[in-house]
Amino acid sequence: MKIATGLVQEVLEIVKKRNPNEPEFLQAVTEVLVSIEPAVQRHKKYRDGKILERIVEPERMIHFRVPWIDDKGQIHVNRGYRVQMNSALGPYKGGLRFHPTVNGSILKFLAFEQVFKNSLTTLPMGGGKGGADFDPKGKSDNEVMRFCQSFMTELFRHVGSDTDIPAGDIGVGGREIGYLFGQYKRLANEFTGVLTGKSLNWGGSLIRPQATGYGAVYFAEEMLKTRGESLEGKVCTVSGSGNAAQYTVQKLNRVGAKVVTMSDSSGFIHDKNGITEEKLGFIMHLKNVRRRRIKEYAERSGVTYVEGQRPWDVKCDCAFPCATQNEITKDDAGKLLDNGCYLVSEAANMPSVPAAVDLFLEKKILYGPGKAANAGGVAVSGLEMAQNSMRLPWPREEVDQRLRHIMTTIHKNAWNTAAEYGQPGNLVIGANIAGFVKVADAMLDQGVV
Ligand code: NDP
Ligand code: 2IT
């Protein structure tokens, strides 16, 4: 990564001092600030308006106690959060993560990324993120419901369809959104689009479940087009086996690629013959209904299962990280490159450590950073909000076409911005500057707030 200088270095020092022991937040802020430095140097108005100093500070951050009772009658206490990062472009928008590792640093990094990602979508959404250090694994549906009800009992006073609209992320899928929505409706006495990712028959949008994965594949197609190529016949590795991973694999199959790996936090499966749509059906049932481990796929079909490892040393043309932050280390990036991988499209948020990103950029492979490549999820959330406001659902084809158009636009915008700043092909710089400029200009328009 380029070394920070001048103003950026000063702001990073403040961020470090104000947010001790928050490595993920610092990582995300450093990456963005270093790459937008040329825009800040070019435009005095951003320096005079103290945009960098303001943009790194959440507008509001809430954390709260979430007490709940398990099936045996035992009381548990978790910590819930909502980070309302920036509302220059619209109401706060971003997912909720339920995972035992959740803390302020992780949610602030995610909320920070969300601000620029949402700006790139072209839709009117600010950025936020929330969640809890609750682990849904091994909990009954009733326990998850009681947890969600307790969580929303506090959160409901801070959110609303024109204020802050949460959605899913790791550990929060259709089931959790349902329980959260039910409790919001009961407390607020209103049926509004306060959450996205809702079920189809009560306000959800077609294609929202698919959107993150489909979007990451559409983004990969746009990157390949710049070299006159397509995904047909490409061997792809995918990590994760949740929402983002499942629909990445589904779309990759449909465009003629071959997916050879998927994973969960216990290990990865390697199916040389390809995880076809039929085999994916088994994984979807395994993960979404039975909620078991990916290992069972290997046991059933006799393919390789590698315990405790990630899939990055498996030979591939294209890699789609779909699990979590920092899942591609510098070593992993080296292995990917040595094995001939020349495209990485990030469905997960910040899955590559900074040194891995540096390697991808240095080798000039096609690299789509998360805030661009995975923006399809929140983009269709934005389309769900539009449909809720109109009280009219759009057909599948319309939402899918809009999603495809948004991903193409994000790629074009990042590509053109990179060229404008003398870094052709560098989508990190392109996405960060393009996302930043819109937010910064809106902040200037709205005064010192
Ligand atoms: P899910 O909970 O549906 O799936 C998460 C997957 O990642 C699971 O396979 C899980 O394994 C694995 N995983 C989670 N944490 C870890 C970890 N610490 N180490 C290894 N594996 C892990 O979440 P999503 O698919 O929704 O989210 C995946 C990624 O995509 C996240 O980075 C999220 O922020 C990002 N994203 C999601 C969007 C959405 O709309 N859902 C939109 C944009 C980005 P296990 O089951 O063992 O925990
Ligand atoms: O990281 C993300 O963009 C998401 N988890 C989706 C957020 C949303 O509001 O749909």
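What you see below is based on every heavy atom in this structure, not just the backbone, and it leaves out hydrogens, waters and symmetry mates. Both counts, for ligands and for their atoms, begin at 1 and track the order of listing. Numbers for residues simply follow the sequence, beginning at 1.
At the shortest separation from atom 3 (O) of ligand 1 among protein heavy atoms lies N243 N, 2.9 Å. Ranking the protein heavy atoms by distance from atom 14 (C) of ligand 1 puts I170 CD1, 4.0 Å first. The single protein non-hydrogen atom nearest to atom 38 (C) of ligand 1 is T212 OG1, 3.5 Å, given as residue, atom name and distance. The protein heavy atom nearest to atom 7 (C) of ligand 2 is G95 N, 3.5 Å. Among all non-hydrogen protein atoms, the one lying nearest atom 25 (O) of ligand 1 is A244 N, 2.9 Å. Among all non-hydrogen protein atoms, the one lying nearest atom 9 (O) of ligand 2 is K93 NZ, 2.6 Å. Among all non-hydrogen protein atoms, the one lying nearest atom 2 (O) of ligand 1 is G171 N, 2.9 Å. Closest protein heavy atom to atom 6 (C) of ligand 1: G242 N, 4.0 Å.
Salt bridge status for E398 with R402: present, with a side-chain N to carboxylate O gap under 4.0 Å.
Interface of A167 with ligand 2, defined as ligand atoms under 4.0 Å from a residue heavy atom, comprises 8 (C), 9 (O), 10 (O). Which parts of ligand 1 touch T324 is read off a 4.0 Å heavy-atom cut-off, strictly below it: atoms 15 (N), 16 (C), 17 (C), 18 (N), 19 (N), 32 (O). Contact atoms of ligand 2 toward G94: 7 (C), 9 (O) (distance under 4.0 Å to a heavy atom of the residue). Annotation for ligand 2: atoms under 4.0 Å from non-hydrogen atoms of K117 are 1 (O), 2 (C), 3 (O). Short contacts between ligand 1 and R293, defined as distances under 4.0 Å to a heavy atom of the residue, involve ligand atoms 45 (P), 46 (O), 47 (O). Under a 4.0 Å criterion applied to the non-hydrogen atoms of S381, ligand 2 contributes the atoms 8 (C), 9 (O), 10 (O).
Of the listed options K137, M262, K117, K287, K137 places a heavy atom closest to atom 48 (O) of ligand 1. Closest to atom 6 (C) of ligand 2 by heavy atom, among M385, R208, K129, is R208.
With a heavy-atom cut-off of 4.0 Å, E327 does not touch ligand 1 at all. Within the 4.0 Å heavy-atom criterion, neither part of Q325 lies near ligand 1.
With T196 as reference, K93 is the one residue of K93, R208, E384 to meet the side chain to side chain donor-acceptor pair (under 3.5 Å) rule.
The distance criterion of under 3.5 Å between nitrogen or oxygen atoms is not met by N374 with respect to ligand 2. When only interatomic distances are considered, the shortest N/O to N/O separation between N349 and ligand 1 falls below 3.5 Å. Taking any N or O of S241, backbone or side chain, at least one lies under 3.5 Å from an N or O belonging to ligand 1.
For the ligand labelled ligand 2, residue G168 lies inside the 4.0 Å heavy-atom shell.
Geometric assessment of K251 against the ring of F320 yields a negative cation-pi assignment under the 6.0 Å and 45° thresholds.
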